[in-house]
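In what follows, every chain begins at residue 1, and chains take the letters A, B, ... in the order their sequences are listed. Computed from a predicted structure; not experimentally measured.
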Number of protein chains: 2
Amino acid sequence: MTPRHLHETEDCRAVSAVLQRVGDKWTVLVVSRLGAGPMRFNELRAAVGGISQKMLTTTLRALERDGFVTRTVFPTIPPRVDYELTDLGRELLVPVQALGDWALKNIDRVEAARMRFDGA
Amino acid sequence: MTPRHLHETEDCRAVSAVLQRVGDKWTVLVVSRLGAGPMRFNELRAAVGGISQKMLTTTLRALERDGFVTRTVFPTIPPRVDYELTDLGRELLVPVQALGDWALKNIDRVEAARMRFDGA
DNA sequence: CTGCATCCACCTTGATACTG
DNA sequence: CAGTATCAAGGTGGATGCAG
């Protein structure tokens, strides 16, 4: 494919770093839900399902820090906070979903390999 | 019918599962190294750099179980063990590197967002 | 050379209680 | 409603020693 080997190592580190960033328990699920449009905190929480308040807050803060989502506070009572994907967030979704598509297509082969391995 | 929305949730779970699978500390680095061809245990360890013996063994076992690498033992003294990517392993590398390419292209935007967030 | 077993420090996650 | 604080529990990764 690409016969450039000069920066192979640091490139792989970068790949690894991104995968660890989006490879935590909730990030992808939250970003995917937000792909449908802006959402409020508890709305998002219900849409994801099974996530604790603390983890949703933590996940959203990290996404906001990295520029993947925006946080909009409406100073009303009760307070209302909207979360929305940025352009960067939507762009991230493209390669992430490509990997997801690959996963769905090949899950059978992986599970077959596992049964073979565990049986032996 | 619009079947692309029917299984949205479980698809996202699948995506999340794969990302967690390849999102551990060493998997991507090991698979990337093996992309260059078969390697022996300590050869691989040196190529990756910074990985402990335990983690290399653990990572390789998991990759073998999932059908991403093959393990070939030569019953010599001292023993020699070769690891090599399977077709499935090489195919996995495609979407993973796509995500890595995206990361390299957008790392600046992410870091800019972080500085903005941390500064505020 | 390869790899298992053990122990341990750290990090992530989750449950719970409380605040504006 | 949205968010913070605290504590407990499990998982992950690393150091070391031993074995085939």
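When the nucleotides C:dC1, D:dG17, D:dG3 are ranked by their closest atom to the side chain of B:P78, C:dC1 comes out on top. For B:M55, the listed nucleotide lying nearest its side chain is D:dG13; candidates were C:dG3, C:dA17, D:dG13. If you check C:dT13, D:dA2, C:dG3 against the side chain of B:V81, the one that comes closest is C:dG3. Of the listed nucleotides (C:dT2, D:dG13, D:dA2), C:dT2 has the atom at the smallest distance from the side chain of B:P79.
Side chain of A:E64 to main chain of A:R61: no donor-acceptor pair is present (N/O by atom type, distance under 3.5 Å, no hydrogens or angles). Side-chain N or O atoms of B:S16 include none that pairs as donor or acceptor with a backbone N or O of A:V28 at under 3.5 Å.
Atom CG in B:L56 sits about 14 Å away from atom P in C:dC1, given to the nearest Å. Atom CH2 of A:W26 is separated from atom C1' of C:dT12 by 13 Å (rounded to the nearest Å). Rounded to an integer number of Å, the gap from A:R80 CZ to D:dG3 C1' is 17 Å. One can place CG of A:D24 at 15 Å from C1' of D:dG11, the figure rounded to the nearest angstrom. One interatomic measurement links the two molecules: CD of A:Q53 to P of D:dT6, which rounds to 16 Å at whole-angstrom precision. One atom, CD1 of B:I77, and another, C1' of D:dG20, lie 9 Å apart when rounded to the nearest Å. Spacing between atom CZ of B:R21 and atom P of D:dT12 amounts to 11 Å, rounded to whole angstrom units. The distance from atom CD of B:Q20 to atom P of D:dG13 is 12 Å, rounded to the nearest whole Å.
The list of salt bridge (Lys or Arg N to Asp or Glu O under 4.0 Å) pairs with a residue in residues 67-77 of chain B, not counting sequence neighbours, is empty. Judged as a salt bridge (Lys or Arg N to Asp or Glu O under 4.0 Å), the pairs with a partner in residues 18-37 of chain A (not counting sequence neighbours) are, in order, A:R21-A:D66, A:R33-B:E8.
When the side-chain nitrogen and oxygen atoms of B:Y83 are compared with OP1 and OP2 of C:dC1, none of them lie within a distance under 4.0 Å.
Contacts between residues 62-75 of chain A and DNA chain C, defined by a heavy-atom separation below 4.0 Å, involve no residue at all. Across residues 28-52 of chain A, not one residue has a non-hydrogen atom less than 4.0 Å from an atom of DNA chain C.
Not a single side chain to side chain donor-acceptor pair (under 3.5 Å) links A:R13 to another residue, sequence neighbours left out. Residues passing the side chain to side chain donor-acceptor pair (under 3.5 Å) test with A:D87, sequence neighbours excluded: A:R90. Not counting sequence neighbours, the partners of B:R45 by the side chain to side chain contact (heavy atoms under 4.5 Å, CB included) test are B:N42, B:I51, B:Q53, B:L56. In this view, A:E111 satisfies the side chain to side chain donor-acceptor pair (under 3.5 Å) rule with no residue, not counting sequence neighbours.
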Give the table of side-chain donor-acceptor pairs shorter than 3.5 Å for residues 94-106 of chain A, with sequence neighbours excluded, one pair per line with atom names and distance.
| from | atom 1 | to | atom 2 | distance (Å) |
| --- | --- | --- | --- | --- |
| A:N106 | OD1 | A:R109 | NH1 | 2.8 |
| A:N106 | ND2 | A:W102 | O | 2.8 |

